[in-house]
*Asks:* 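Before I ask anything, let me first share the structure, which is written out below as structure tokens.
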Amino acid sequence: MFWSHQRPHQKAFSSCDFIQSFIREEIKKHQEAKHQEKDQDFIHFYLAEIEKTKNQPKSPYDEKNMVQSIFDLFLGGTETAGTTLYWGLLYMVLYPDIQGERTKVQQEIDTLLTPGQSVCYEDRKKLPYTNAVVHEIQRFSNIISIGMPRYCLRDTKIRKFVIRKGTTIFPNMASALYDSNEWETPLTFNPNHFLDEDGNFTCRDAFIPFSLGHRVCLGENLAKTELFLFFSNLMQTFNFHLGDGSKDIKLDPIWGGTLKPHSFDICAIPR
């Protein structure tokens, strides 16, 4: 009942407070527990920096900044990674030949990994088709069609185009991700875009969901790791199919900060 009476901005503040409280609890657990060096994570290293610099005037390392830094990691990756996985699950139930237990993704995982072994990020080298599917999900869903605006600091010429100083530029990632000169079937979900003739994984220069250059997304490596781990472990653990009564599934996105899929019901059946 409390939640139902909250306005959107109040819900946002409540969610932020919840996450920050969760982070503080994790910090407290780290302070109380003794961990071996191999178990250390971001919080351990940040606590170590606080201890090293505690006698320095105006040290940038304190618990308040640590909470905000961890919060930024949640905020920066949760929305985009979650939305990409939504699209990935939708594609899996709409293209069963890709998910099929005896073929493609699940067959590759079952064949090349030890039974019962959880998938780790290094396994992407053993799982070229699974890796290709993850990349094709990012390319085809294109959840951030238009990149962050950039400000031109000086007159710049790119090929035949002159961009004047003071111009605001909106990079169009879709122009590369759906370029018919770069992809054989740009408007079709096709993991073979990321496989060579021998079935080895290959990534093309036109794959720029994180933008490129000096202003590339800072979370690119984290996002790649998360997407591969979540997707491959989900495929290893469950079979997915649309919920009963599901029909008229739409592939056109809902426009917003990210391009989200329309709501759909999905069933996860343990394998």
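On a predicted model such as this, the values are computed, not experimentally measured, just so you know.
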*Asks:* For residues 213-229, run the donor-acceptor check on the side chains, cut-off 3.5 Å, and write out each pair with its distance to 0.1 Å, sequence neighbours left out.
*Replies:*
unit_1: Glu220; atom_1: OE2; unit_2: Lys224; atom_2: NZ; d: 3.0
unit_1: Thr225; atom_1: OG1; unit_2: Asn221; atom_2: O; d: 2.9

*Asks:* Once you round to the nearest 0.5 Å, how far does OG of Ser15 lie from CD of Gln10?
*Replies:* 11.5 Å
*Asks:* To the nearest 0.5 Å, tell me how far Thr188 OG1 sits from Tyr178 OH.
*Replies:*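 OH of Tyr178 is found 11.0 Å from OG1 of Thr188.
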*Asks:* Checking Thr258 against Glu79: is there a side-chain donor and acceptor pair closer than 3.5 Å?
*Replies:*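 A pair is found: one side chain offers a donor N or O, the other an acceptor, under 3.5 Å apart.
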*Asks:* Is there a donor-acceptor pair closer than 3.5 Å between any side-chain N or O of His262 and the backbone N or O of Ile254?
*Replies:*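 Flag not set: sc His262 to bb Ile254 has no pair under 3.5 Å.
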*Asks:* Give every residue pair that meets the salt bridge (charged side-chain N to carboxylate O under 4.0 Å, His left out) criterion with at least one member in residues 45-65, sequence neighbours excluded.
*Replies:*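 Every pair satisfying salt bridge (charged side-chain N to carboxylate O under 4.0 Å, His left out) with a residue in residues 45-65: Glu49-Lys52, Glu51-Lys54.
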*Asks:* Hey, could you give me the CD/CD1 distance between Glu182 and Ile208, rounded to the nearest 0.5 Å?
*Replies:*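 Going from the CD atom of Glu182 to the CD1 atom of Ile208 covers 10.0 Å.
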*Asks:* Give a yes or no answer on whether the side chain of Trp183 reaches the backbone of Ala176 with a donor-acceptor pair at less than 3.5 Å.
*Replies:*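 Present.
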*Asks:* Tell me, please, which residues at least two apart from Asp72 pass side chain to side chain donor-acceptor pair (under 3.5 Å).
*Replies:*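 Partners of Asp72 under the side chain to side chain donor-acceptor pair (under 3.5 Å) test: Gln68.
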*Asks:* Write out all pairs satisfying ring-ring contact (aromatic ring centres under 6.0 Å, His included) with one or both partners inside residues 119-138, taking only residues at least two apart or from two chains.
*Replies:* His135-Phe194, His135-Phe201, His135-Phe207
*Asks:* Can you name the salt bridge (Lys or Arg N to Asp or Glu O under 4.0 Å) partners of Lys250, sequence neighbours left out?
*Replies:*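 Salt bridge (Lys or Arg N to Asp or Glu O under 4.0 Å) list for Lys250, sorted by chain: empty.
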*Asks:* At what distance, to the nearest 0.5 angstrom, does CG of Asn131 lie from SG of Cys203?
*Replies:* 8.5 Å
*Asks:* Please name all residues satisfying side-chain contact (heavy atoms from CB on, under 4.5 Å) with Leu90, sequence neighbours left out, ordered by chain then number.
*Replies:* Trp87, Val93, Leu94, Ile249, Leu251, Pro261, Phe264
*Asks:* Kindly determine whether Glu26 and Lys29 satisfy salt bridge (charged side-chain N to carboxylate O under 4.0 Å, His left out), including the steps that lead there.
*Replies:* CA-CA 5 Å; Glu26 285 298 309; Lys29 291 178 183 178; 3.6 Å; yes
*Asks:* My understanding is that only residues two or more places apart in sequence, or in another chain, count here; which of them pass side chain to side chain donor-acceptor pair (under 3.5 Å) with Ser59?
*Replies:*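 With neighbours one apart ignored, the set is Thr53.
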*Asks:* Output all residues satisfying side chain to side chain donor-acceptor pair (under 3.5 Å) with Ser141, sequence neighbours left out; order by chain, then residue number.
*Replies:*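 Checked Ser141 against side chain to side chain donor-acceptor pair (under 3.5 Å); zero matches.
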*Asks:* Could you list all the salt bridge (charged side-chain N to carboxylate O under 4.0 Å, His left out) pairs where at least one residue sits in residues 189-202, not counting sequence neighbours?
*Replies:* none
*Asks:* Without hydrogens or angle criteria, can the side chains of Asp110 and Gln236 be said to hold a donor-acceptor pair below 3.5 Å?
*Replies:*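 Looking only at side-chain atoms, Gln236 and Asp110 do not form any donor-acceptor pair under 3.5 Å.
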*Asks:* Holding to side chain to side chain donor-acceptor pair (under 3.5 Å), I want the full list of residues that pass it with Arg204, two or more places apart in sequence or in another chain.
*Replies:*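 Residues passing side chain to side chain donor-acceptor pair (under 3.5 Å) with Arg204: Glu184.
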*Asks:* Under the side-chain contact (heavy atoms from CB on, under 4.5 Å) rule, collect the residues that match up with Ser69, sequence neighbours excluded.
*Replies:*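 With sequence neighbours excluded, Ser69 shows a side-chain contact (heavy atoms from CB on, under 4.5 Å) to Phe42, Tyr46, given in chain and number order.
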*Asks:* When rounded to the nearest 0.5 angstrom, what is the spacing between CD1 in Ile143 and CG in Leu259?
*Replies:* 7.5 Å
*Asks:* Would you mind listing every side chain to side chain donor-acceptor pair (under 3.5 Å) that reaches into residues 149-176, with sequence neighbours excluded?
*Replies:* none
